[in-house]
Amino acid sequence: MKTVQVSASKTYAVKIGAGLLPQCGEEIAALGGTKRVCIVSDNTVWPLYGEKVQASLEKAGFLVDSFVFTAGESSKNGSVYLALLSRLAQIPLTRTDTVVALGGGVVGDLAGFTAATYLRGVRFVQLPTTLLAAVDSSVGGKTAIDLPEGKNLAGAFYQPELVLCDCYALQTLPSEIFWAGCAEVIKYAVLFDPALFDYLLETGTDFDLEYVIAKCVQWKQDIVAADEFEKGQRKLLNLGHTFGHGIEACSNFEISHGEAVAAGMAIAARVSASMELCDSAVVERIEEILKRFSLPVSADLSAKALCKAALQDKKRAGDCIHLILPKAIGDCRMVEAQVADLEKLIAAGL
């Protein structure tokens with residue numbers, strides 16, 4: 001097992017290893033102070049791991065309740081959020097009790113935002129069951145729900161008490177979901193770590209899970225510790241996301257987040273080359289590694305449609321939008337672009 005300590009407004013451990021879900025009760029009990037928990041999950045993950053997690057929590061002495069919703073990005077909305085708030089109030093969960101998120105990024109985002117806002121904040125633990133959630137969304141305290149106007153437009157920075165990444169759960173993922181999570185792994189390599197990039201290119205999907213997840217979490221911890229509330233360098237973690245969120249929205253979320261981020265990274269690389277920030281070799285290497293992981297490098301969209309969707313992104317500030325563009329593998333820059341120029345830039349990236 002590997003452990004990464006995250007130092008933000010709250011200090012907590014991210015534990016990465018095989019067989020952690022059956023041990024979650026004793027791990028959460030060791031935090032102290034909680035008598036009751038509510039497990040939040042979706043109807044894909046709950047049949048796989050819900051009873052196992054509930055049994056572990058009950059064995060550790062907790063009173064356990066649950067809330068299970070329909071899997072998918074479309075459930076990360078105001079209606080499900082309010083239903084979960086009502087469920088916590090009906091239990092009732094108190095300020096010393098804990099919300100436990102069991103699932104992928106959608107579950108973690110929804111449960112985390114609910115924990116941040118119920119009673120102005122209750123304890124929160126992440127049990128990520130996808131690679132994407134393990135390396136990225138479960139760490140760092142970003143929580144949110146979607147609005148009809150765009151993704152993650154209502155949210156809060158709210159750090160968990162503990163994150164437990166069970167590698168056994170990740171090994172049972174369908175291939176396409178595992179590959180989608182690899183997009184976020186590749187993102188960290190492109191941003192910060194040429195050695196990790198080369199390792200991934202060599203191994204493909206046969207990489208060491210504990211090693212790679214710990215690497216990614218450590219990079220995220222370093223960024224979050226320096227800029228928890230995304231005023232500066234944490235914006236680098238949005239590589240591929242401005243275009244990726246636009247691709248997701250244009251597909252009505254039929255394209256997964258990971259696939260959209262992968263295509264968004266490739267578009268960002270081509271935009272960077274068009275601005276002469278990087279050379280064509282960088283674009284080729286990014287496209288090569290994405291294809292190695294069966295991830296897309298393009299989107300079948302017009303520049304106009306993608307531009308319109310991208311302008312709903314949170315990174316827009318007035319007439320400017322911040323783009324994260326690669327200069328080299330391991331060296332990315334934040335570039336301020338004018339909204340009026342975005343469609344033209346996207347056309348160069350498509």
Side-chain angles (χ1 to χ4, degrees), residues 71-74 104-106 130-137 146 150-152 170 173-191 196-198 200-207 212 216 237-274 278 280-313 315 323-326 329 332 342-343 345-350:
E73 185 75 29
S74 60
V106 169
T130 66
L131 179 61
L132 188 150
V135 300
D136 194 68
S137 62
D146 303 337
K151 183 170 178 172
N152 295 337
L170 308 186
L173 290 171
S175 296
E176 63 274 13
I177 296 177
F178 184 81
W179 293 334
C182 290
E184 292 284 357
V185 173
I186 293 166
K187 178 193 78 174
Y188 283 101
V190 173
L191 280 169
L196 178 60
F197 187 97
D198 291 341
L200 293 169
L201 201 52
E202 178 185 349
T203 62
T205 55
D206 293 328
F207 59 79
V212 167
C216 294
L237 300 179
N238 294 314
L239 173 64
H241 283 62
T242 294
F243 303 132
H245 285 169
I247 292 167
E248 283 183 274
C250 287
S251 75
N252 198 27
F253 297 101
E254 291 183 9
I255 295 175
S256 73
H257 177 71
E259 292 173 316
V261 167
M265 275 193 285
I267 292 169
R270 293 191 288 266
V271 169
S272 184
S274 76
C278 75
S280 60
V282 174
V283 178
E284 290 167 5
R285 293 199 75 204
I286 290 173
E287 290 180 348
E288 179 187 9
I289 197 170
L290 292 172
K291 290 175 182 177
R292 179 86 163 87
F293 283 82
S294 302
L295 290 165
V297 297
S298 61
D300 187 18
L301 294 169
S302 70
K304 183 175 183 179
L306 184 51
C307 178
K308 181 179 179 181
L311 287 176
Q312 295 294 329
D313 192 82
K315 289 163 281 299
L323 303 178
I324 310 305
L325 304 177
I329 303 303
C332 294
L342 187 60
E343 186 176 334
L345 290 171
I346 289 174
L350 289 175

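Numbers here simply count residues along the sequence, with the first being 1.
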Closest non-hydrogen atoms of A273 and V283, given as atom of the first, atom of the second and distance, are CB-CG2, 3.8 Å
Grab the two heavy atoms, one from V190 and one from C332, that are nearest each other, plus how far apart they are. O-SG, 3.6 Å
When rounded to the nearest 0.5 angstrom, what is the spacing between OG in S302 and CD in E343? 7.5 Å
Rounded distance [0.5 Å steps], SG in C182 versus CD1 in I289: 9.5 Å
State which residues pass side-chain contact (heavy atoms from CB on, under 4.5 Å) with S294; sequence neighbours excluded, sorted by chain then number. W179
Where is the tightest heavy-atom contact between A249 and A309, given as atom of each residue plus distance? CB-CB, 4.4 Å
Just how far is it from atom CE of M265 to atom OG of S272, taken to the nearest 0.5 Å? 14.0 Å
Separation of F197 CZ from I186 CD1 (nearest 0.5 Å): 7.5 Å
Assess, by modelled atom type and distance only, whether the side chains of E184 and H241 contain a donor and an acceptor separated by less than 3.5 Å. yes
Run the side chain to side chain contact (heavy atoms under 4.5 Å, CB included) check on L306 and I247 step by step: do they pass? CA-CA 7 Å; L306 184 51; I247 292 167; 3.9 Å; yes
Residue pair V261 / L239: nearest heavy atoms and the distance that separates them: CG1-O, 4.1 Å
Contact check, side chains of C216 and D136, non-hydrogen atoms, under 4.5 Å: no
Take L191 and I324 through the side chain to side chain contact (heavy atoms under 4.5 Å, CB included) test and state the conclusion after the steps. CA-CA 9 Å; L191 280 169; I324 310 305; 4.3 Å; yes
Once the angle between the rings of F293 and F207 is folded into 0 to 90°, is it parallel (under 30°), tilted (30 to 60°) or perpendicular (over 60°)? tilted
Any side-chain heavy atom of I286 sitting closer than 4.5 Å to one from P326? yes
Looking at OG of S280 and CZ of R285, how far apart are the two atoms once the value is rounded to the nearest 0.5 Å? 13.0 Å
Side chains of D198 and I329: does their closest heavy-atom pair fall under 4.5 Å? no
Closest non-hydrogen contact found for A305 with C250 is O-SG, 3.7 Å
Checking the side chain of D146 only, and the main-chain atoms of N152 only, is there a donor and an acceptor separated by less than 3.5 Å? yes
Please walk me through it: do S137 and L132 pass side chain to side chain contact (heavy atoms under 4.5 Å, CB included)? CA-CA 7 Å; S137 62; L132 188 150; 4.1 Å; yes
Rounded distance (nearest 0.5 Å) linking atom CZ of R292 with atom CG of L201: 6.5 Å
Does some side-chain heavy atom of Y188 sit less than 4.5 Å from a side-chain heavy atom of V212? no
Could you please spell out the steps behind the side chain to side chain contact (heavy atoms under 4.5 Å, CB included) verdict for R270 and I267? CA-CA 5 Å; R270 293 191 288 266; I267 292 169; 3.7 Å; yes
At their closest point, which heavy atom of A262 faces which heavy atom of L295, and how far apart are they? CB-CB, 3.8 Å
Could you tell me whether the side chain of E248 reaches within less than 4.5 Å of the side chain of I255, counting heavy atoms only? no
We want to know whether S256 and E259 form a side-chain donor-acceptor pair, criterion being a heavy-atom distance below 3.5 angstrom. yes
State, yes or no, whether a side-chain contact exists between K187 and L237 at a heavy-atom distance under 4.5 Å. yes
Sort out for me which residue in T242, N238, I346 forms a side-chain contact (heavy atoms from CB on, under 4.5 Å) with L323. T242
